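Heads up: the structure comes next, in structure tokens.
This structure is a prediction, so every number in the text was calculated from the model and none was measured.
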Amino acid sequence: MRDPYEILGVPRSASAAAIKSAYRKLAKKHHPDSNKNDPKAAERFAEINSANEIIGDEDKRKQFDRGEIDAEGKPRFTGFPGGGARGRAGPGGFETYTFRSGGGGPGGPEANAFEDILNSMFGGAGARARRSAGAGSGAPPFEFDTGGGVGVDLDLNVSMTVTLEEAVKGGEKRVRLPTGKELNVKIPAGVSAGQTIRLKGQGETAPGHPPGDLLITINIAPHPHFKVDGNDLRLDLPITLYEAVLGGKVRVPTLTGAVELSIPKNTSSGRTFRLKGKGLPKAGSTSSGSTSSSTTIGDLFVTTRIMLPDGNDAELEALMQKWRDTRPYNPRSDLS
């Protein structure tokens, strides 16, 4: 993945507000709903969201700037304590590590640390690091006994960012593996953030072992309009002053198409309306202890925000002055 600063088009010295503004502009411009005839729009949108997840978060941005995580948010290997291991990039983008043992003696702390590392790598279930008989005479200091049923982890773990619409409706998306291989992955409808998709046999391979699996962790990109609240969605709906005073019907976007909402007369800014069944699907279970494939749909909560027209309006100002003089009221009386 490219540098997140470069993706959002901001300098490294950019303020949090500048990053947020740049993200919103790019997300709106490249959202798949606005670019239905562009097959690469979803890919650009996902890249923009991934960049924002790194430098739009204060803590992750500091970690990235210090070199502690990469552009995908993954920790960078910085070596084991005391310099006992050094890593370098190997074939396929993986890191290889060279261990050294000098300075600790046959029972020194580095030897113990090395054995701890081996135990963590091989699970301690039959893998043993043993002192070579010639360790003190220039021979390799350790030999490995990999007999006894050592498990080889050939699974690959990657993350995939999908839009809210893709999470609800499902679809197909291309994912690039650390090995450089690319796959088309079917996204099931109703997938949730943090859920893992397992693709059998698409992991690493090793002689004498069955291929590992590909584990894809799903991330849902922030939506420019909707906010996810568990199983529900929340939306701020701009309305005009006259719609708030006189009432009327306004169109409200949902993930399954726009619907009409009736705004009652004298609706204040901040009033919330509930649209049942317009939220996110969530797999549930029936009562009486038996599981089923029934699905519960969350709700959409729409909060009105009264918006005044841009610029000065002499007639509106005159009307408000007359209203203030003849019908004064104090909406903050309960705050005193």
Side-chain angles (χ1 to χ4, degrees), residues 1-32 40-100 113 117 120-121 155-164 166-167 173-182 192-196 214-229:
M1 179 176 168
R2 293 188 294 142
D3 187 296
Y5 289 101
E6 179 184 342
I7 293 172
L8 296 186
V10 296
R12 289 183 173 268
S13 59
S15 65
I19 292 174
K20 184 176 182 180
S21 176
Y23 162 71
R24 286 184 172 178
K25 290 179 181 178
L26 290 173
K28 184 176 181 180
K29 178 181 178 181
H30 296 287
H31 194 278
K40 294 186 177 181
E43 182 179 344
R44 287 196 296 268
F45 184 72
E47 185 181 47
I48 291 165
N49 280 292
S50 296
N52 185 61
E53 288 176 7
I54 298 298
I55 62 173
D57 181 283
E58 182 180 358
D59 293 334
K60 288 184 180 180
R61 181 184 183 185
K62 290 179 180 178
Q63 289 179 309
F64 178 77
D65 289 345
R66 292 195 297 262
E68 296 173 2
I69 60 175
D70 61 17
E72 296 181 355
K74 297 178 181 179
R76 295 182 185 274
F77 183 79
T78 56
F80 294 97
R86 291 196 174 108
R88 67 182 186 276
F94 293 97
E95 289 184 334
T96 58
Y97 305 106
T98 301
F99 295 92
R100 65 184 185 189
I117 294 166
S120 67
M121 290 170 63
D155 290 345
L156 280 177
N157 293 273
V158 298
S159 61
M160 173 190 288
T161 299
V162 301
T163 66
L164 195 56
E166 288 172 332
K173 203 172 184 70
R174 198 164 184 83
V175 63
R176 184 180 180 87
L177 308 186
T179 58
K181 181 180 179 181
E182 292 188 352
S192 57
Q195 186 173 337
T196 299
L214 174 63
L215 305 176
I216 305 173
T217 301
I218 297 296
N219 298 317
I220 298 180
H223 196 278
H225 306 305
F226 300 110
K227 291 182 180 179
V228 178
D229 184 6

Do you know which two heavy atoms are closest between [X] and [Y], and how far apart they sit?
{"X": "Leu8", "Y": "Ala51", "result": "CG-CB, 4.1 Å"}
{"X": "Ser13", "Y": "Arg61", "result": "C-NH2, 4.1 Å"}
{"X": "Lys60", "Y": "Ile54", "result": "CB-O, 3.3 Å"}
{"X": "Leu215", "Y": "Thr196", "result": "CB-CG2, 4.0 Å"}
{"X": "Pro32", "Y": "Thr163", "result": "CG-CG2, 4.0 Å"}
{"X": "Pro4", "Y": "Phe64", "result": "CD-CZ, 3.6 Å"}

For this session: Start with the C-alpha gap between Lys20 and Arg24, add the side-chain angles, then the distance that decides, and say whether side-chain contact (heavy atoms from CB on, under 4.5 Å) holds.
Result: CA-CA 6 Å; Lys20 184 176 182 180; Arg24 286 184 172 178; 3.0 Å; yes
Which distance, rounded to the nearest 0.5 Å, do you find between the [atom1] of [X] and the [atom2] of [Y]?
{"X": "Arg12", "Y": "Glu6", "atom1": "CZ", "atom2": "CD", "result": "10.0 Å"}
{"X": "Met160", "Y": "Lys173", "atom1": "CE", "atom2": "NZ", "result": "7.0 Å"}
{"X": "Thr217", "Y": "Asn157", "atom1": "OG1", "atom2": "CG", "result": "6.5 Å"}
{"X": "His225", "Y": "His31", "atom1": "NE2", "atom2": "NE2", "result": "7.0 Å"}
{"X": "Glu53", "Y": "Asn219", "atom1": "CD", "atom2": "CG", "result": "5.5 Å"}

May I ask you to decide if [Y]'s main-chain N or O and [X]'s side chain share a donor-acceptor pair within less than 3.5 Å?
{"X": "Ser192", "Y": "Gln195", "value": "no"}
{"X": "Ser21", "Y": "Ala17", "value": "no"}
{"X": "Asn49", "Y": "Phe45", "value": "yes"}

Does any part of the side chain of [Y], heavy atoms only, come nearer than 4.5 Å to the side chain of [X], both counted from C-beta?
{"X": "Lys25", "Y": "Lys29", "value": "no"}
{"X": "Asn52", "Y": "Leu26", "value": "no"}
{"X": "Glu68", "Y": "Lys62", "value": "no"}
{"X": "Ile220", "Y": "Thr161", "value": "no"}

Exercise. Counting heavy atoms not belonging to Glu182, are there more than 12 under 6.0 Å from its CD?
Worked result: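 Yes, enclosed.
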Problem set entry | Lys227 atom NZ, neighbour heavy-atom count above 12 within 6.0 Å |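 It does not: Lys227 NZ has 12 such atoms or fewer within range.
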Exercise. Between Arg2 and Glu47, does at least one N-O distance fall below 4.0 Å, as a salt bridge requires?
Worked result: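 Yes.
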